[in-house]
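For reference, the structure is listed below as structure tokens.
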Amino acid sequence: MAKGKVQRRARKILGEEPVALVWCEIHKPIPVPPKDVHRAAGKGRLKSRHHWLWYAGAVVFFFVVVPMILVGHLGRRLDQRLSGHSRGGQPRTPSDTQRSGRGRSRERDHGQDPTNGVFDGDWNLTAGQLLLRWYGYSPSPKRLVMLTRDRICVAASPRRRLSPTKADDFQTVTEFTLDQARIEGEAGQPRGYATFRLAFTDGSRLELGRLGEPQDAEHFLRTVSG
């Protein structure tokens with residue numbers, strides 16, 4: 001279960017013992033909202049802020065790894081072309097290329113979900129509004145969802161990086177009564193892939209994943225599924 005620091009902090013800000021709690025994240029990229037909706041919500045961040053090492057790694061990848069990949073790819077293409085000419089092979093016709101491109105386009109379109117499975121798709125309802133402000137609460141993507149007997153509370157730490165077992169500076173950023181929201185989740189989900197949904201009475205819902213601390217996650221899901 002959650003370590004002492006987390007439990008003590010949770011009790012302090014809730015004013016009571018939490019029934020269950022779990023660290024979680026929005027486990028998929030947030031879809032791009034309409035510009036007017038984003039502007040009305042304060043034009044908050046739609047992505048978490050990365051640590052400087054991530055940016056250093058990205059620079060190395062694009063300026064070192066990518067050129068090496070491209071050089072290797074061009075070398076293979078040249079070898080194949082020379083080999084094809086030596087064997088008298090026929091070049092690929094434009095119609096073949098067009099048909100292949102259309103096939104790939106149909107595959108991309110099929111099953112495409114503009115919301116990325118993150119929420120119900122209505123930016124004006126509770127889930128959409130919460131999503132628009134999610135990364136404005138903290139530079140860290142992690143949020144602590146805490147259940148009490150009559151509330152669902154979402155807390156965040158002001159730090160960019162935190163340890164889910166040692167965090168002791170998180171604050172409640174939003175909360176809902178059980179008349180406003182409920183949590184939907186199933187126990188027994190595969191570790192590392194478990195998700196749950198915040199479902200609101202206006203019909204909107206938000207899916208969360210990357211649940212921290214396996215024991216907390218299992219207890220949390222057993223609690224909400226029971």
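Worth knowing before you read on, the calculation uses all heavy atoms, side chains too, and leaves out hydrogens, waters and symmetry mates. We number each residue from 1, following the sequence as shown.
- F119 has its ring centre no less than 6.0 Å from the ring centre of W134.
- For the pair T201/D179, no side-chain contact is recorded, criterion being any heavy-atom separation below 4.5 Å from C-beta on.
- You'll find the side chain of M146 stays beyond 4.5 Å of the side chain of R151, heavy atoms only.
- A distance of 9.5 Å separates CZ of R197 from CZ of R182, quoted to the nearest 0.5 Å.
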### Query
Should Q189 and T195 be marked as a side-chain contact (heavy atoms from CB on, under 4.5 Å) after you check the CA-CA gap, both sets of side-chain angles, and the distance that decides it?
CA-CA 8 Å; Q189 296 183 58; T195 62; 3.9 Å; yes
### Task
Would you please test H38 and K35 for side-chain contact (heavy atoms from CB on, under 4.5 Å) and show each step?
CA-CA 5 Å; H38 193 199; K35 290 183 178 180; 5.7 Å; no
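- No side-chain heavy atom of L144 sits under 4.5 Å from any side-chain heavy atom of V22.
- Counting heavy atoms from C-beta on, the side chains of H219 and Q215 never come closer than 4.5 Å.
- Proximity of a side-chain donor or acceptor of N116 to a complementary backbone N or O of P31 within less than 3.5 Å is not detected.
- A salt bridge does not link R205 to E207: none of the charged nitrogens lies less than 4.0 Å from a carboxylate oxygen.
- Under a hydrophobic clustering in which Ile, Leu, Val, Met, Phe, Trp and Tyr are joined whenever their side-chain heavy atoms come within less than 4.5 Å, directly or via other members, W123 and L46 fall into the same cluster.
- Between the side chain of Q180 and the backbone N or O of T177, at least one donor-acceptor pair lies under 3.5 Å.
- A 4.5 Å side-chain heavy-atom check between D36 and R39 finds at least one atom pair inside the cut-off.
- The side-chain heavy atoms of T174 and Y137, taken from C-beta on, include a pair separated by under 4.5 Å.
- Using a 4.5 Å cut-off between side-chain heavy atoms of Ile, Leu, Val, Met, Phe, Trp and Tyr, with links allowed through other members, L125 and L206 fall into different hydrophobic clusters.
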### Task
Could you go through the side-chain contact (heavy atoms from CB on, under 4.5 Å) check for R143 and S138 one step at a time?
CA-CA 9 Å; R143 299 292 178 268; S138 168; 3.7 Å; yes
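- Of the possible donor and acceptor atoms, none in the side chain of S204 sits under 3.5 Å from a partner among the backbone N and O of F200.
- Of the options I183, L21, V19, a side chain to side chain contact (heavy atoms under 4.5 Å, CB included) to F220 is made by I183 and by none of the others.
- Two residues are said to be in side-chain contact when any heavy atoms from C-beta on lie closer than 4.5 Å; Q7 and P18 meet this criterion.
- With hydrogens and angles disregarded, no donor-acceptor distance shorter than 3.5 Å links the side chain of R45 to the backbone of P139.
- Side-chain contact between V6 and D216 is absent, with no heavy atoms from C-beta onward closer than 4.5 Å.
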### Message
Run R210 and K142 through side-chain contact (heavy atoms from CB on, under 4.5 Å) and show every step you take.
### Response
CA-CA 9 Å; R210 293 180 186 166; K142 298 183 184 300; over 6 Å; no
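- Under a 4.0 Å N-O distance rule, the pair R149/E17 does not qualify as a salt bridge.
- When atom types are taken as modelled, the side chain of D120 and the backbone of D122 share a donor-acceptor pair closer than 3.5 angstrom.
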